[in-house]
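Written out below as structure tokens is the structure these notes cover.
Proteins come first, then strands; the chains are lettered A, B, ... in the order of their sequence lines, and each starts at number 1.
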Amino acid sequence: MDVSLILSNILNPPVLAFFLGMLAVFLKSDLEIPPPLPKLFSLYLLFAIGFKGGVELVKSGVSQDVVLTLLAAVFMSIIVPIYSFFILRVKLDAYNAAAIASTYGSISAVTFITAGSFLTQLGISFDGFMVAALALMESPAIIIGLILVNLFAVKQEKSEFVWKEVLHEATLNSSVYLLVGSLVMGLLTGESGWEKLKPFTQDMFYGVLTFFLLDMGLVAAKRIKDLQKTGLFLISFAILIPIVNAVIGLSIAKFIGLQRGDTLLFSVLCASASYIAVPAAMRITVPEANPSLYVSTALAVTFPFNIIIGIPLYFYVINLFWV
Amino acid sequence: MDVSLILSNILNPPVLAFFLGMLAVFLKSDLEIPPPLPKLFSLYLLFAIGFKGGVELVKSGVSQDVVLTLLAAVFMSIIVPIYSFFILRVKLDAYNAAAIASTYGSISAVTFITAGSFLTQLGISFDGFMVAALALMESPAIIIGLILVNLFAVKQEKSEFVWKEVLHEATLNSSVYLLVGSLVMGLLTGESGWEKLKPFTQDMFYGVLTFFLLDMGLVAAKRIKDLQKTGLFLISFAILIPIVNAVIGLSIAKFIGLQRGDTLLFSVLCASASYIAVPAAMRITVPEANPSLYVSTALAVTFPFNIIIGIPLYFYVINLFWV
Amino acid sequence: MDVSLILSNILNPPVLAFFLGMLAVFLKSDLEIPPPLPKLFSLYLLFAIGFKGGVELVKSGVSQDVVLTLLAAVFMSIIVPIYSFFILRVKLDAYNAAAIASTYGSISAVTFITAGSFLTQLGISFDGFMVAALALMESPAIIIGLILVNLFAVKQEKSEFVWKEVLHEATLNSSVYLLVGSLVMGLLTGESGWEKLKPFTQDMFYGVLTFFLLDMGLVAAKRIKDLQKTGLFLISFAILIPIVNAVIGLSIAKFIGLQRGDTLLFSVLCASASYIAVPAAMRITVPEANPSLYVSTALAVTFPFNIIIGIPLYFYVINLFWV
Amino acid sequence: MLPVKRIEIIANYVELGKILQGLEKTGIEGCTVIRDVAGTSTRDDGKHDLAMTMLDNVYIIAFCQPEKIAIASEVIRNILNKYGGSCFISDAMELRTTKCVS
Amino acid sequence: MLPVKRIEIIANYVELGKILQGLEKTGIEGCTVIRDVAGTSTRDDGKHDLAMTMLDNVYIIAFCQPEKIAIASEVIRNILNKYGGSCFISDAMELRTTKCVS
Amino acid sequence: MLPVKRIEIIANYVELGKILQGLEKTGIEGCTVIRDVAGTSTRDDGKHDLAMTMLDNVYIIAFCQPEKIAIASEVIRNILNKYGGSCFISDAMELRTTKCVS
Ligand SMILES: Nc1ncnc2c1ncn2[C@@H]1O[C@H](COP(=O)(O)O)[C@@H](O)[C@H]1O
Ligand SMILES: Nc1ncnc2c1ncn2[C@@H]1O[C@H](COP(=O)(O)O)[C@@H](O)[C@H]1O
Ligand SMILES: Nc1ncnc2c1ncn2[C@@H]1O[C@H](COP(=O)(O)O)[C@@H](O)[C@H]1O
Ligand code: NA
Ligand code: NA
Ligand code: NA
């Protein structure tokens, strides 16, 4: 594989900031991004990509590509947790398997954003509708998780109440809400709104991403200690399943005829795992599952793996296919 | 009335963000802008308009227009609470009437800023000295409120102590202080300071306003439940008195010969009600008054009304006059 | 001395904001920059100058100038606390003398940054490697302080443990770590990273500095009351020693042949005193010392003195030398 | 001065709504919420919670009349058993001002 | 270990200055202030205070010698009666370190 | 409900790590940390601590079994004697949920 791709990914301020954050924890420096600033950064990033996606969608219109991509997105976020569940059941009980499966069926917006900045650096374009795919892929896996628990685990409680609550959490949690909301704002204001917000949402984007990944580095490194309890099976799963998902993702993207940039983003969506929305929902859906398993694998293994190696790796494979 | 004016006001990222915030509360999404970030945004917005106003004042100089506008500003912020008080006394006791009257005599800086961005969108200019009017109109209503309470309500306490405290609060609360301070900074540094701060105070302005109005939408929507206790009288007052004040305001502006943009801003100053500075002062001036009355009407009725309908409505009326 | 230099320093938004902050405290306004925002601003400023320094260092390369400057930097941060200690011993016990000596041997990044913006305003260039000097000068004084305490004060505790802890604190505290880390990021990403981060790290810089100095004004003014207990000796020390250090600094800079801009920055590094990193370390090194002495002198006397008078004064002297 | 009970609950931010509702249902209307507190716990997963700045805990303090403790404990226990979190109860006196908890 | 009293005051941010002055006047010099706490109260207006991010409450904790409680209550009651806010008092022990409240 | 002890420690941010280690060493694994609290103290230097936003205090609350107090006090006293900070201990009851301090 082309080393220069990995290098051009790593020698990027946001990715370097991620390393800087991890290193701070290992060296026991007291560097921290005090709360609630990471929350602000993540609100900002979601708003910025949602708004930009909306503006671009209004320019491109809803073509067949868009519809196919969105269908593929929903398909993947339903199918991934199902096969992940059965793989995980080999070693884990139904509760933990369902929780982890949901985590990997959903997506990580920051991984998506980092892939976007990787493409920008290489000068490769991608479409605004990919943000709609991002928004669509957050929730279905949560619902699949709930179904899996109801089918395969013995639950004593009445599940009606839980259903309502989980559906609410899945569709209206702040990240999905803000993403969809800003996408609609972009659709409604179009080019004229874009002009005014551009210095804020576009020009600051890279800097805020750098600071946010600095914090993610701190957070991920602190979670690494948890991996001792996690066991080798889960760690391998957390590295291999993203690769599998990415490959399935890029095959589908090839099949429906996406361009190169969109294909990378779609693969990254399939490969990434949620460490915010899904964990919050899983505390409600399956309180029996151990959060340190599903949070740590997604945050301390899969997220760094995708950020550092995954993105250039998937792109390398895409280039092989596209030639 | 021209629907396109309302639309061009609403299809604006900041106003859409306000809706997005209100909707989040109605749909029970957990979206929030965590404290103290809204405070930062409001400090930023005050600083940015103060500084810009100062820079422009130094360019334009102190003309007769400036003096007349400032006199009119003080006049309105004295007269509005007085007639509001007597209207409110029809249904309310003297304490609550005085508190609400003060609230409507003072101003809301965010409403002013939103009106400014409405004008910018339409390509209509306005003058830097309007920011000085804004600063001047915050405090007098607080003092009038205190006088009203002393004249019309039975107070047992020695009021000397309260006088000193209320005067201090009225003139040195953080928003008046920062506004005046940044105006002076703009005056002193002029064009050279402006050049250096422009990317920060000008280019970010629209984005920060969008985020701030997102938060204001959340806050206003949460206050809407309070309106049940408020009663129809107060709700009607909260919609009608801004219109009355705006019309008086624009007549005065016409009389002293302001240009169109300045007239809109002056009307909006008259029409808006304070929901931060005055409520804080009223807790000291009239602890007997019920904060949910004066905060909720200003925040959950008058503020959204002005932001959504008021601004284009007043501008429509102004255009009728100016033809 | 040239009054216009002082004026052109003062009529600068950041310095005016510092005054505005101090005035707010004296007038008892409730203005405040709520925590943790000042921490964010300081992280931002450190990151921005570190990154810019790294990018410029990669352009200029490591010349003889760089090596000499860095050597001089380390030399000054070793020698300053030593002679300061003996001056302070005239009136103070060994604990307090060592703590204050360390404070003045180390540096204040904000003073450095303000001097940089003073130079930018005058259109005088300076080199990226000065940031490396800044990073190098933070820590040695802390270690010298520990040595002084061990040599001249009777300590009962085993100092091995303290040594390890103090060394860790000195080299890995968050400000040194972030400064060095962002410098390395700048070195690694060079011009291409700079292009992408420029709108964030460069264009926002001046505005964030203005807000940060507003907060520093608030903080410094609140500390001024502490000076009553401090006594005239320490206050005189806090004004005179920066001048002495600056003069020694500029002589050395002249000797090794630095250009004018770099000379000012070097003098300012020598003249400034630490009020964050060193106080945190001194609580561990010499808990016997009274923090109100070393924090107040650095923060409420030396910092304002340098910001307002020191920078233009040193620059005036440099201009005399350079003619 | 009037004897009251202090209820302290530490729970994850996502449960705040449910706990406030639970308190209100039992007639405890006054409470104070401190956000963004970090914590470690003896439960397996909580050991490194300090790391999770995105899912921070809240600290809820409610002073109430002693009579309400029995029913309040029941309600809170049900919520915490399901979603996790800790609850502690202690004694205090209320300084009577114009408005009081009882 | 030395018995002390814990005074907890929850009040609006705008009253912080006055309360700190009041405490100092009665000789209570140590205290800790937690900012930006949200709250609901039984008073009419407080019910939706969680919504008012701009006028947040502060939570003040002061440990003091038991003898000072009588006079401190008087001072605090006067302030809170006028401006609103709650105050609760309870017992605690101080761990004696080099510096103590008494 | 089970009797427990509440340990409250207020100290400077730079000492947080050491205190958490100290607590863990004595077997107190659950605790909650509130950051960015401001404070004044009777010690000379603390009088204007509200001014130092950069070196803010932390407030640490840990509920533990009463038996652990003796050894915990020892450890905490050593840390606070060296670096400053206050510690107070009081009584509380734990509401037993699925997971408890003991
Ligand atoms: N013994 C304790 N003392 C103080 N806080 C605790 C204690 N146990 C748990 N907590 C807090 O409660 C949170 C949730 O704990 P848990 O429900 O055990 O996951 C922790 O993150 C801590 O902030
Ligand atoms: N019973 C209570 N328990 C805990 N906090 C309370 C209680 N009552 C009031 N508070 C707090 O005190 C604040 C002011 O209450 P009030 O003075 O009633 O408006 C509220 O916003 C709450 O944060
Ligand atoms: N009596 C007290 N009551 C409440 N908090 C205190 C008290 N004494 C000290 N503190 C807090 O502990 C911090 C450190 O105090 P000290 O160790 O005395 O410097 C102060 O800044 C306060 O926040
Ligand atoms: Na996925
Ligand atoms: Na008005
Ligand atoms: Na120095």
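The two residues C:P13 and B:G193 have their closest heavy-atom pair at CG-CA, 4.0 Å. Here the shortest heavy-atom pairing between C:A24 and B:Y177 reads N-OH, 2.9 Å. C:L20 and B:G181 get closest at one heavy-atom pair: CD1-CA, 3.5 Å.
Remark: B:L197 CG to C:N12 CG distance equals 9.0 Å, nearest 0.5 Å. In this structure, the separation between CG on C:L209 and NZ on B:K196 is 10.0 Å, given to the nearest 0.5 Å.
Taking the side chain as every heavy atom from C-beta outward, B:S192 and C:L11 never approach each other to under 4.5 Å. Counting only heavy atoms from C-beta outward, the side chains of C:L37 and B:L43 never approach each other to under 4.5 Å.
Below 4.5 Å, heavy atoms of chain B meet heavy atoms from C:Q121, all part of residues 112-125 of chain C. Identified by a heavy-atom distance below 4.5 Å to chain C, the contributing residues of residues 199-208 of chain B are B:P199, B:F200, B:M204, in residue-number order. Below 4.5 Å, heavy atoms of chain C meet heavy atoms from B:Y44, B:F47, B:F51, all part of residues 44-61 of chain B. Heavy-atom proximity under 4.5 angstrom to chain C picks out nothing from residues 98-110 of chain B.
Looking only at distances, no side-chain donor or acceptor of B:S174 sits under 3.5 Å from a matching main-chain atom of C:D30.
Using a 4.5 Å cut-off between heavy atoms, C:I10 does not touch chain B at all.
Annotation: maximal heavy-atom pairing with chain C below 4.5 Å, among B:V176, B:L172, B:T171, B:N173, occurs at B:L172.
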